[in-house]
Amino acid sequence: MSQSSVVLEETGSTNTLAATVREAMLAGDTTLSVLDSESGEWVIAPWREVHARAEQIAVQLLADSDLHEPLAVGLIGDPTVDLIAAIQGAWLAGVPVSILPGPIRGADESRWAETTYRRFVSIGVGTVLGSGSQLDLLTKVDGQLRIARVAEYGIAADTSGFVARNVNPNSVAVLQGTAGSTGDPKTAVLTASAVYSNAIELVSRLGMHRTRDTGFTWLPLYHDMGLMFLLAGMTTGIPAYVVPNTAFAAAPFKWMQWLTETKATVTAAPNFAYDILGRYGKLLRDIDLSNLRVAISGGEPIDADAFDKFLEATAPFGFEPSAAAPAYGMAESACAVTMPAVGEGAHYDEVTVTPPGGGEPIRRRYALLGKPLGGMQVRIVEPNVDVPVIDGRSVGHVEIRGTSMMRGYLGGPDLGAGEWFATGDLGYLIDDRLVICGRAKEVIIVAGRNLFPIEIERAAAEVAGVRRGGVVAMARGEGSSRPGLVILAEYKGSDPDKARAEVNSEVASACGIMPAEVIFVAPDAVPRTTSGKIRRLETRQMVEDGAFETIGQK
């Protein structure tokens, strides 16, 4: 798929995605509220005004194209009312939008700016809108991109008589970056019809309506879950509260305070956020979660024990277990693939897992992730790798297809009509509900046994001082002086030798294998993607190169 794939064609058909958002924004008197990180105050704008700004931005985008085909719009920086308006502005102008992340902590900012600039150019972006230091850094890079402050862009545009550009439903609406946790990140090309379908079906499954619901999110907009959660609000016109991801990262417990303050009914987060609150639930004070009717957990595997701790910690503050919604999705399907029905709550499949070739059976609990959204299909195909045997379950490769699927990866071939897409995940179905139990590409082989690293990593994270979400299990080859299972873990404690022995014990007890080596490193030492996922290939290479500064290693 070449860059020309993002060029839109006039067909006279209705711009359904932009029209749906417009109708919702103008339907009532609800508002969008965005937290200003510097002042700590909410910036509030009626959705009607947000749409008015979107029209100004669209008019300016079309004027800047100078009678040529307008190129995609890139967005950068913390969310603001204007930045969110720019998403609809791009769609009103009939062009795709691509949102890229800022530099991670410790990154060389100049190098980040050059890399991000090149990436915008490579995916067909012509104009970049944003704010703050991230935009300032991009302005210092030489090139042909038009870079402007989103709060100023199109502010004086005349929108009288403006009509949204008609585009083909198969035209591109979003150029979505993938996580790239096990390799180079790719760009999923999402058509307007795919984005529209995912948003509408998500709203339908959750029963969202502007007369009763309020949405709250701190998810980054460059992530598919963050963008689609926002879009679900935009297509319904519900009151929506948006907090920069950096504000959550600085104070995770404020999430509960924000939910209390906003009286939100719908929210979403990855498993690690629920895990943090469950682990330190005793610190929760003066919150009211009784308004929440849906709390989505997605974006990474669900830890049943950790999620149960969250439910236990928040029950005294009015959180109903039936509001829990463990889900499954990916950027390649716009976002959501499966989702429980409202009120279904979190349910688990408790099974007996036996390693390939025999071994001691182990009891496991896997989350049921709901049925496919409307228009989506899921199937399980026979695995081409040896996987642990689960009694009474047919484990295989998870494949998906349907109305929310991407056209393909930018620069690669299109998916064929009705073609099944291999997710790379391993799982099975129970009463049409999906269960994920590992990733095929991340199965590690130790002494002839195939193991799911996530099971090992969760066991190691049970040890005090070991940072949950900062553990990587890997296999060291037979040619090494110490072949076998290696565990790298971020550790913050006073007795690494004791903790190392406890990790060995936990992993041996829970997974039936003794690590050959346990390596402790400082918090935040493990390389991660911008969405917080561990870069496994890079981590493995650093271990092999001896690049980590270890803690208490003999």
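Note that the structure is a prediction, hence the values are computed from the model and not measured. Along the sequence shown, residues carry numbers from 1.
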- prompt: Would Tyr274 and Phe307 count as a ring-ring contact (aromatic ring centres under 6.0 Å, His included) if you check the C-alpha gap in whole Å, the side-chain angles of each, and the deciding distance to 0.1 Å?
  reply: CA-CA 6 Å; Tyr274 295 99; Phe307 202 71; 5.2 Å; yes
- prompt: Will you find, in the side chains of Asp158 and Ser160, an N or O donor that is under 3.5 Å from an N or O acceptor?
  reply: yes
Asp29 side-chain N/O to Pro46 backbone N/O, donor-acceptor pair under 3.5 Å: no
message: Could you walk me through whether Arg165 and Glu69 satisfy the salt bridge (Lys or Arg N to Asp or Glu O under 4.0 Å) test, starting with their C-alpha distance in whole Å, then the side-chain angles of each, then the deciding distance to 0.1 Å, before giving a yes or no?
response: CA-CA 12 Å; Arg165 186 173 178 224; Glu69 181 70 22; 3.2 Å; yes
- prompt: Between Asn170 and Thr191, is any side-chain donor less than 3.5 angstrom from a side-chain acceptor?
  reply: no
query: Passes side chain to side chain donor-acceptor pair (under 3.5 Å), Asp288 versus Ser290? Steps please.
result: CA-CA 6 Å; Asp288 179 3; Ser290 60; 2.6 Å; yes
message: Would you say that Thr217 contacts Val243 through its side chain, given a criterion of any heavy-atom pair below 4.5 Å between the two side chains?
response: no
message: I need the minimum non-hydrogen distance between Val95 and Ala72, along with the two atoms involved.
response: CB-CA, 4.4 Å
Show the atom names and distances, to 0.1 Å, of all donor-acceptor pairs under 3.5 Å that link a side chain in residues 316-331 to residues at least two apart or in another chain.
residue, atom, partner, partner atom, Å
Tyr328, OH, Thr423, OG1, 3.4
Tyr328, OH, Asp425, OD2, 2.6

task: Walk me through it: do Leu259 and Met256 pass the test side chain to side chain contact (heavy atoms under 4.5 Å, CB included)?
output: CA-CA 5 Å; Leu259 291 175; Met256 299 293 100; 3.5 Å; yes
message: Quick one, Arg365 with Asp308, criterion salt bridge (Lys or Arg N to Asp or Glu O under 4.0 Å). Give me CA distance, side-chain angles, the key distance, then yes/no.
response: CA-CA 11 Å; Arg365 289 197 305 155; Asp308 278 351; 2.9 Å; yes
- prompt: Between CG of Asp432 and CG of Leu368, what distance do you get to the nearest 0.5 Å?
  reply: 11.0 Å
message: Please check: side-chain N/O of Ser197 versus main-chain N/O of Ala194, any donor-acceptor pairing under 3.5 Å?
response: no
field: Sequence-distant partners of Arg401, salt bridge (Lys or Arg N to Asp or Glu O under 4.0 Å), two or more places apart
entry: none
field: Straight-line distance of Thr236 OG1 to Leu206 CG, nearest 0.5 Å
entry: 10.0 Å
query: Should the pair Trp255 and Phe248 be assigned to parallel (<30°), tilted (30 to 60°) or perpendicular (>60°) ring geometry?
result: perpendicular
field: Minimum-distance pair of heavy atoms, taken over all atoms of Gly177 and Arg119
entry: CA-NH2, 3.6 Å
- prompt: Hey, mind stepping through His51 and Arg22 against side chain to side chain contact (heavy atoms under 4.5 Å, CB included) and telling me if it holds?
  reply: CA-CA 7 Å; His51 194 272; Arg22 178 184 184 278; 3.1 Å; yes
query: What do the steps show when you test Glu332 against Tyr409 for side chain to side chain donor-acceptor pair (under 3.5 Å), and what is the final call?
result: CA-CA 8 Å; Glu332 289 83 351; Tyr409 293 118; 2.6 Å; yes
field: Neighbour count above 12 (heavy atom, 6.0 Å) for Phe253 CZ
entry: yes
Verdict with supporting geometry, Asn245 and Leu219, side chain to side chain contact (heavy atoms under 4.5 Å, CB included): CA-CA 6 Å; Asn245 174 256; Leu219 297 169; over 6 Å; no
- prompt: Does Ile400 reach the side chain of Ser333, with side-chain heavy atoms less than 4.5 Å apart?
  reply: yes
- request: Over all heavy atoms of both residues, which pair between Leu277 and Pro252 is shortest? Give the atoms and the distance, please.
  value: CD2-O, 4.4 Å
Criterion side chain to side chain contact (heavy atoms under 4.5 Å, CB included) on Val294 and Thr265, from CA distance to verdict: CA-CA 6 Å; Val294 177; Thr265 62; over 6 Å; no
field: All salt bridge (Lys or Arg N to Asp or Glu O under 4.0 Å) counterparts of Asp524, not counting sequence neighbours
entry: Arg105, Arg467
message: Within the structure provided, determine whether Ile76 and Tyr222 are in side-chain contact (heavy-atom separation under 4.5 Å).
response: no
message: To the closest 0.5 Å, what do you measure between OG1 (Thr20) and CD (Glu23)?
response: 7.0 Å
query: How about Thr30 and Ile238: do any of their side-chain heavy atoms sit closer than 4.5 Å?
result: no
task: For the residue pair His223 and Leu227, establish whether any side-chain heavy-atom pair is separated by less than 4.5 Å.
output: no
message: Regarding Trp258 and Thr262, do their side chains bring together a donor and an acceptor under 3.5 Å, going by distance alone?
response: no
query: Do Arg293 and Glu344 meet the salt-bridge criterion of a basic N to acidic O distance under 4.0 Å?
result: no
Could you list the donor-acceptor pairs under 3.5 angstrom formed between side-chain atoms of residues 127-137 and any protein atom two or more places apart in sequence or on another chain?
residue, atom, partner, partner atom, Å
Thr127, OG1, Arg146, NH1, 3.4
Gln134, OE1, Gly77, N, 3.1
Asp136, OD1, Arg149, NH2, 2.2

task: Verify, without hydrogens or angle tests, whether Asn198 (side chain) and Ala336 (backbone) share a donor-acceptor contact under 3.5 angstrom.
output: yes
- prompt: Is any side-chain heavy atom of Leu100 less than 4.5 Å from a side-chain heavy atom of Phe120?
  reply: yes
query: Is there a donor in the side chain of Asp305 and an acceptor in the side chain of Tyr348, or the other way round, less than 3.5 Å apart?
result: no
task: Find the distance between OG1 (Thr116) and CG (Leu145) and round it off to the nearest 0.5 Å.
output: 11.0 Å
query: Hey, does Met228 have a side-chain heavy atom less than 4.5 Å from the side chain of Leu202?
result: yes
field: Non-neighbouring partners of Glu201 that pass salt bridge (Lys or Arg N to Asp or Glu O under 4.0 Å), sequence neighbours left out
entry: none
message: The criterion is salt bridge (Lys or Arg N to Asp or Glu O under 4.0 Å); which residues satisfy it with Glu114, sequence neighbours excluded?
response: none
query: Within a strict 4.5 Å, meaning less than it, do heavy atoms of the Met339 and Ile296 side chains meet?
result: yes
message: Can you tell me how far apart CD (Glu152) and CG (Asp82) are? Round to the nearest 0.5 Å.
response: 9.5 Å
message: Would you compute the distance between atom OG of Ser98 and atom CG of Leu190 and round it to the nearest 0.5 angstrom?
response: 10.5 Å
query: With a cut-off of 6.0 Å (strictly less than), are more than 12 heavy atoms of other residues, nucleotides or ligands near CD of Glu261?
result: yes
message: Show the nearest heavy-atom pair for residues Ala157 and Val59, with the distance to one decimal.
response: CB-CG1, 3.9 Å
